Each structure stands twice: as C-alpha cells, then as structure tokens.
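Before any comments, here is the structure.
Reminder, nothing fancy here: chain letters follow the sequence lines and each chain counts from 1. Just so you know, these numbers come straight off a predicted model, no measurement behind them.
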2 protein chains.
Amino acid sequence: MTEPSTQPRPTLEAVAARAGVSRATVSRVVNGGEGVREPLVERVRRAVDELGYVPNQAARSLVTRRHDAVAVVIAEPETRVFADPFFALQLRGISKELTAHDSQLVLLLTEGRDDHARVARYLAGGHVDGALVFSLHLDDPLPRLIHGVPTVYGGRPGWSDGSRGVVYVDCDNRGGAREAVRHLVGLGRTRVAHITGPLDQTSAVDRLDGFRDVMVDVDPRLIVESDFTPGGGEDAMRELLDRCPDVDAVFAANDLTAVGAMRVLREQGRRVPEDVAVIGFDDMLPFTEQADPPLTTVRQDIEEMGRLMARLLLRGLERGAAAGVPASVVLPTTLVRRVSA
Amino acid sequence: MTEPSTQPRPTLEAVAARAGVSRATVSRVVNGGEGVREPLVERVRRAVDELGYVPNQAARSLVTRRHDAVAVVIAEPETRVFADPFFALQLRGISKELTAHDSQLVLLLTEGRDDHARVARYLAGGHVDGALVFSLHLDDPLPRLIHGVPTVYGGRPGWSDGSRGVVYVDCDNRGGAREAVRHLVGLGRTRVAHITGPLDQTSAVDRLDGFRDVMVDVDPRLIVESDFTPGGGEDAMRELLDRCPDVDAVFAANDLTAVGAMRVLREQGRRVPEDVAVIGFDDMLPFTEQADPPLTTVRQDIEEMGRLMARLLLRGLERGAAAGVPASVVLPTTLVRRVSA
DNA sequence: AAGCAAGAAGGGAGCGCTCTCAGCAATGGG
DNA sequence: CCCATTGCTGAGAGCGCTCCCTTCTTGCTT
C-alpha cells in the first residue's frame with residue numbers, strides 16, 4: 001500500500017507565484033480561463049503542469065457549496081440486489097453520464113431496515129448535490145427523510161401519484177406487459193397465467209395491471225404472486241401447474257422468474273413453447289439469449305434509464321431552483337421474440 | 001425533484017451560540033466529547049439536535065486533510081463486470097466495512113481504455129483517503145498512475161511478485177484449483193480438461209497453474225483458453241469435444257464457463273457427471289445451485305474479500321505512515337460438492 | 001492628445017471547521 | 001494560606017479556494 005505522499009500538494013498560491021500572477025487569475029484559468037488574456041493563460045497553464053497542481057475539492061466546495069458529486073442510494077433489502085445485473089447496468093449508465101459532467105458517484109447501500117437514518121443523515125449533510133434513489137418499496141420511509149435534497153427516483157415510487165415535484169425514470173411496465181400478453185393471446189393461447197413480482201414494488205404492480213388490462217375477467221387462479229427470483233419462479237410454476245394443469249402460457253414478471261418457471265415446466269415434461277409459451281421481462285442478457293429455450297421477453301433499456309436519471313438530476317441541478325423541475329420520463333419497451341413464445 | 005432547501009444549514013457557530021459555549025467546545029463534543037465536562041456535553045448535544053446541525057464535511061476536510069471516503073475503482077473493460085454478480089458482492093462487503101467506519105464509497109468505473117487518466121487525476125487530487133482497485137489486467141497502466149494514494153488491490157496484481165508495499169486480497173486460486181482437480185482425479189477420471197479464464201488476469205493464470213500442479217505432463221489439447229463467460233464456455237467445450245472426444249472431466253475456470261460447458265455437453269448427449277464430470281469456480285449462487293445438474297465448485301467468499309480489502313485499507317490509513325503496511329491476504333477456498341462431479 | 005469606457009488583473013474577505021495555545025478554575029501539596 | 005499542577009474552555013489563526021470589488025491597463029472616441 002503506497003504511503004500517502006508526504007510532500008504537500010501545491011496550492012493555488014504556489015501556482016500563482018510560479019506564474020507571476022495573482023491567486024485570482026490562476027483560479028480563473030483553472031476554471032475555464034474566461035476573461036484572462038492569452039499570454040497569461042499560457043503561463044498559468046504551464047505552471048499548473050510543472051507543479052502538478054490539482055485543485056483541492058474541499059476548499060472549493062466550502063465556498064461554492066457545490067460538490068460535483070451525486071449519491072446513488074440502493075435501498076434494496078438484502079441479497080436480491082446482486083442476484084441480477086439490474087443495478088449494475090443502471091450504475092454503468094449513471095456513471096457514464098456523471099463522468100461526462102465531471103461529477104462523482106457516491107454509492108450508498110442500505111444495510112437492513114434501520115439504516116435509513118444513516119443515509120438520510122448523509123444526504124442531509126450536504127455532501128452531495130443530489131441523489132438517485134432506487135428500489136423503493138411502497139412503505140419506504142426514505143423519501144420523507146431526504147427532504148431538501150434534489151432527488152430522482154429509479155422506478156415510479158408508490159406514493160408518487162399526483163405528488164408534484166417527484167421526478168422518476170421508469171420503463172413502461174404496464175404497456176410492456178400488455179404487449180407481452182397480447183402476443184400470447186395472438187398465439188392462440190387461452191389459459192394465460194401471470195407470475196407476479198413482489199407486489200410492494202410498483203414495477204410488479206404495473207406489470208400485473210398490464211396483464212389484467214388484456215386478460216379482463218381472468219381466472220384468479222392463473223395469477224400467482226412471486227418475488228423476481230428463479231427459485232420463486234419455480235415455486236410459482238409448480239403451484240400454477242397444480243392449480244391449473246391446463247395453463248398454456250405464462251407471462252412472468254421478469255426473466256429470472258421465467259427461467260425458474262421454464263425449468264419446472266421442463267421437469268414436468270411440458271414443452272416450451274409448444275405446450276406452454278413463456279414470456280419474461282427485462283431482457284437480461286445473457287440469461288435470456290442463453291436460456292433453454294431462448295426466452296421471449298420484454299426489453300427495457302436499463303443502462304439508458306440510469307443515464308437518464310443522472311441527466312435529469314444534473315439538469316435540475318443546473319438551472320436555479322426557480323426554473324421548475326424536470327418531468328419524469330417513462331421509457332418505451334419492446335417485445336423481443338425468441339423461441340419461448 | 002425536491003429543491004435544495006433554501007435556508008442555510010446551521011454552523012458550529014450557531015450551535016455554540018445556542019448552547020452558550022465556544023465553537024471549540026462544540027467541535028470537541030461533535031467529535032467525541034473528550035475532555036468536555038458532562039453538563040456542557042449535554043447542553044451542546046441538545047443544541048445540535050434542536051438545530052439539526054450536521055458538520056460540513058468540506059470545511060472539516062479542508063483542515064484535517066481526511067475525507068472519510070474511499071474510492072473503489074473498477075477497471076474492468078466493458079460488459080463483463082456486470083454479467084456476473086462478482087463485483088456486486090464485493091461492493092456489498094466493502095460497503096459494510098466502510099459504513100462501519102463512517103467512510104463513504106466513491107465508485108469509479110473506467111469507461112474504456114483512455115479513461116485511466118481521469119481516474120488517476122481524481123485519485124491524485126486528494127478527494128479520497130485511499131483506493132480499492134479491481135480487475136487489473138497484466139498490462140494495466142493504472143498502478144503506475146496512482147502513486148501516492150494508499151491502495152489495496154482486489155486480486156493479485158500481475159506485477160506484484162516481489163514488489164514490496166503492494167497489498168492485495170485474493171483467494172487461493174491455485175490451491176482451490178488443485179483441490180478441484182484432485183477431486184476429479186480421485187473420482188477416477190483420467191482425461192481431465194481445463195477451460196481457462198482470460199490469461200491476462202492472474203486469477204485465471206493461478207487456476208491454470210493449480211491445474212498443472214496436479215496434472216503434470218497433461219495432454220496440451222486438454223487445455224482451452226476461454227474468457228469467463230457462458231458463451232465462451234460453450235465454444236471451449238465444443239472445441240474440447242472436437243479435439244478430445246474421450247474427455248471425462250472438465251475443470252472450468254469459473255462457474256459461468258462451467259454452465260456453458262454443461263449446456264454443450266447436454267446438447268451433445270453426454271451425461272454430467274456420468275460421462276463427463278464438471279467443476280466450476282466461485283460458487284456463484286444461485287447459478288451453481290440451480291444449474292442442471294447442480295454444480296460442484298470451488299467456493300470463495302467474495303463478500304468477505306471485499307470486506308477485508310476495506311479493512312486492510314482503513315487499517316493502513318489509521319496508523320501513521322511509519323507503522324508499516326498491512327500484509328496481503330489470501331483467503332482459503334473450499335470445494336463444494338454437488339452433483340456435477 | 002486628452003478623456004473615458006470597458007476589460008483585465010489583483011487584493012482581500014470569508015466559506016465552516018479544527019487545533020494550538022493561552023487563560024482560568026479547581027484541586028492538592030507544602 | 002499560597003502556589004504549583006492539572007484540566008477545561010475560549011480565542012484566534014488558518015486550511016485552500018472563490019468571488020466581490022478595487023485598481024490598473026488598454027483601446028477608443030472626440
């Protein structure tokens with residue numbers, strides 16, 4: 001482990017002395033060089049290079065009250081966060097956008113239920129310019145705690161209906177679900193089942209609503225609640241086959257669930273898609289492509305959602321408080337036909 | 001998006017005034033309360049609560065030169081990072097440990113090859129107290145760039161042999177591989193193949209070395225280079241069956257590769273483990289448990305590795321530069337027997 | 001050639017905090 | 001009873017930077 005370099009880093013003052021100008025001029029050059037004449041700019045630039053000057057962010061923040069940093073809060077309880085690459089992809093999108101704006105990404109993972117206070121305190125502490133918050137459950141106490149911090153939510157928060165000022169980025173869960181189910185119906189399937197996600201999350205609720213939009217008056221036994229995991233998908237599928245042996249299509253609330261469901265179908269000798277057609281949601285590569293059989297699914301552009309969240313937040317940060325807040329964005333989904341349906 | 005709260009946050013000064021003490025006393029209380037008499041401590045605490053005072057980290061850092069923040073640098077080129085939950089798990093481990101020490105996690109993802117300079121500049125800029133760096137490839141230029149920043153590496157860096165002062169956390173890749181291969185041999189298998197990872201990573205190299213330790217004088221056609229992905233595992237397995245139809249065991253460099261290999265084996269009508277035994281590496285749940293058949297593999301405690309990296313870094317940070325650097329840690333692995341071998 | 005405006009550079013205050021050091025109170029020993 | 005000693009508390013400097021405001025150029029106009 002390299003030791004912290006012992007020699008003190010050069011300050012603005014040092015650069016100014018070397019370039020033979022004032023601190024203020026160096027500051028101007030470092031921050032874009034507006035209103036400084038060319039020869040001086042050049043001289044200062046050289047001094048900066050020679051000394052290896054890097055601005056002290058703490059000192060800068062102290063006066064500007066900007067931090068060029070954004071917190072990403074992932075409030076997912078426990079393991080699910082990391083069972084699927086969902087957050088990883090969003091993080092990459094966010095990272096790209098933030099990097100382009102010279103902002104840093106401070107990652108806040110909540111560790112269990114009582115950890116909200118810590119996160120709230122951090123956000124309130126003015127360490128970051130804003131926050132991107134994920135995976136809120138319907139009863140999540142976090143939003144109330146982070147009052148005063150510009151925030152964009154990932155996925156529609158459960159309480160957002162009608163709340164002005166709440167900005168979120170989501171995909172068209174309901175529309176995507178409708179398209180999937182219509183596709184199944186178009187295939188001539190009549191006993192179409194739905195394995196839901198955890199219904200304390202709006203994405204799961206919205207997908208269920210989309211299912212219902214098409215399958216009005218559906219046999220309630222064809223709807224089984226599950227939890228977005230492969231194991232949950234297996235259990236749900238077993239229960240489904242038990243209740244309704246005549247099921248001929250399944251719309252699973254996400255790909256992992258669909259994969260679990262397909263495994264059970266195979267176990268029990270049902271062919272996919274001949275006997276039972278299956279559609280997932282997310283298009284989580286490479287799982288969908290390499291599933292057996294390759295999974296038909298509803299694609300959402302996860303990385304783009306991340307990028308968009310960051311962009312919305314940064315835009316909201318740029319313009320003054322008076323300029324009004326950006327509107328939420330709902331991204332379209334596309335049905336990707338493979339083999340399973 | 002909630003607007004930034006317009007009212008200025010209370011300062012130490014304000015708390016001091018309210019409590020009727022000096023700034024210095026409030027500072028002492030806020031930082032642990034050493035050497036302040038009880039009644040005053042109490043009064044200050046109350047004032048802090050009433051005002052909702054939160055210290056300004058920028059001001060604090062400016063004078064202490066500590067940031068209570070650690071950078072996590074993930075230098076993985078492109079997509080692989082997020083195809084598997086590896087980093088996610090490490091991140092969780094790191095996050096837990098940092099949280100326990102009131103440190104923040106600043107995530108730096110490099111975007112492509114030319115991005116190193118940006119990361120290096122950030123680290124050199126003294127925004128963080130130290131860095132945790134992942135996924136170095138043999139030719140990675142990053143280490144040379146981040147001189148002067150206390151760093152712990154995730155995984156043995158390729159150039160670390162003999163370099164004093166390089167601290168890393170890794171699992172016993174070589175020993176784990178040996179155990180896996182010995183197990184296959186103990187099963188009576190004689191044509192044991194190895195599908196490697198990308199050989200510009202030490203983990204892949206070490207696992208290959210472990211394989212060779214046991215299989216001295218192995219038929220070179222039984223070693224196929226691959227890339228840690230399921231698709232790569234498929235290709236490698238196909239090639240392997242082509243070259244050596246008599247292969248009766250496969251040690252895959254990681255679980256994803258093993259899953260791909262098993263898929264091809266099934267396709268081609270070979271039974272696992274009867275005809276060909278398969279062992280993976282990582283024990284990446286839930287993939288290994290739910291693979292078909294459940295995968296025998298070498299488990300490494302990924303989250304623990306992350307936690308350990310953070311702990312090592314923080315410990316090195318605590319004691320002064322003179323105290324000597326912590327030693328690298330190599331965690332043991334364990335063979336987890338399931339069905340595939 | 002003198003006066004003036006506009007633009008460029010410098011001086012200096014101050015962001016909120018920590019930390020050293022001086023001051024003062026309380027305690028105990030001579 | 002006084003002084004040394006210890007232990008709290010307060011005053012003040014200063015971390016490195018930005019930004020306001022003043023001063024000095026510079027280039028025009030008249």
Side-chain angles (χ1 to χ4, degrees), chain A residues 4-45 47-48 51-69 102 124-129, chain B residues 4-45 47-48 51-69 102 124-129:
Chain A
S5 61
T6 159
Q7 55 181 347
R9 300 203 350 250
T11 70
L12 254 202
E13 194 78 50
V15 177
R18 178 160 198 124
V21 297
S22 73
R23 243 182 13 248
T25 298
V26 178
S27 176
R28 277 186 277 259
V29 171
V30 168
N31 292 294
E34 297 283 295
V36 179
R37 251 186 288 249
E38 193 41 51
L40 278 198
V41 172
E42 188 44 43
R43 236 160 68 207
V44 170
R45 290 253 159 80
V48 166
L51 265 46
Y53 170 75
V54 183
N56 179 319
Q57 182 64 37
R60 182 181 274 173
S61 296
L62 183 56
V63 30
T64 60
R65 278 118 198 295
R66 300 202 71 243
H67 300 85
D68 295 319
D102 281 316
H127 303 263
V128 292
D129 301 323
Chain B
S5 62
T6 161
Q7 56 182 345
R9 301 197 355 244
T11 70
L12 254 202
E13 192 78 50
V15 177
R18 179 159 196 125
V21 297
S22 73
R23 244 182 12 249
T25 298
V26 178
S27 176
R28 278 187 275 259
V29 172
V30 168
N31 292 292
E34 297 283 295
V36 179
R37 251 187 288 251
E38 192 42 51
L40 277 199
V41 172
E42 187 44 43
R43 234 161 67 207
V44 171
R45 290 252 159 80
V48 166
L51 264 45
Y53 170 75
V54 183
N56 179 321
Q57 182 64 36
R60 181 181 275 175
S61 296
L62 184 56
V63 30
T64 59
R65 277 118 197 295
R66 301 203 71 244
H67 299 84
D68 295 317
D102 280 316
H127 303 264
V128 292
D129 300 323

> Which letters describe nucleotides 19-28 of chain D, given B = protein heavy atom under 4.0 Å from base, S = only from sugar-phosphate, - = neither?
Replying inline: B---------
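Residues from residues 10-20 of chain B that place a heavy atom under 4.0 Å from any atom of DNA chain C, listed by number: B:Thr11, B:Leu12. DNA chain D lies under 4.0 Å from no heavy atom of any residue of residues 51-58 of chain B.
Between chain B and DNA chain C, the heavy-atom contact criterion of under 4.0 Å yields a 5' to 3' nucleotide range of C:dG16 to C:dC19.
Residues satisfying the side-chain contact (heavy atoms from CB on, under 4.5 Å) test with A:Arg45, not counting sequence neighbours, are A:Val29, A:Val41. The side-chain contact (heavy atoms from CB on, under 4.5 Å) check on B:Ala17 picks up nothing, with sequence neighbours excluded. Here A:Glu42 pairs with nothing under the side chain to side chain donor-acceptor pair (under 3.5 Å) rule; sequence neighbours left out. In terms of the side chain to side chain donor-acceptor pair (under 3.5 Å) criterion, residue partners of A:His67 (sequence neighbours excluded) are, by chain and number, A:Asp129. For B:Arg28, there are no side chain to side chain donor-acceptor pair (under 3.5 Å) partners at least two apart in sequence or on another chain. By the side chain to side chain donor-acceptor pair (under 3.5 Å) test, A:Ser22 pairs with A:Thr25, sequence neighbours left out.
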Check: residues 54-63 of chain A side-chain donor-acceptor pairs under 3.5 Å, at least two apart:
unit_1  : atom_1 : unit_2  : atom_2 : d
A:Asn56 : OD1    : A:Ala58 : N      : 2.8
A:Asn56 : OD1    : A:Ala59 : N      : 3.0
A:Gln57 : NE2    : A:Ser61 : OG     : 3.2
A:Arg60 : NH2    : A:Asn31 : OD1    : 3.3
A:Ser61 : OG     : A:Gln57 : O      : 3.0
A:Ser61 : OG     : A:Arg66 : O      : 3.0

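B:Arg23 places none of its side-chain heavy atoms less than 4.5 Å from the side chain of B:Val26.
In this structure, A:Leu62 places its CG atom 10 Å from C1' of D:dT18, rounding to the nearest Å. Residue A:Asp68 contributes atom CG, which lies 15 Å from atom P of D:dC17 at whole-angstrom precision. One can place CG of B:Leu40 at 5 Å from P of D:dT9, the figure rounded to the nearest angstrom.
Closest of all the heavy-atom pairs between A:Tyr53 and A:Thr11 is CE1-C, 3.6 Å. Between B:Ala47 and B:Arg18, the closest heavy-atom pair is CB-CG, 3.9 Å.
Going from atom CG of A:Leu51 over to atom CG of A:Leu12 covers 11.0 Å, rounded to the nearest 0.5 Å.
End-to-end axis angle of the helix from C:dA1-D:dT30 to C:dG30-D:dC1, from C1' rotation axes over five pairs per end: 50° (rounded to 10 degrees).
Nearest-nucleotide assignment on DNA chain D puts the 5′-proximal partner with B:Ala59, out of B:Ala59 and A:Arg60.
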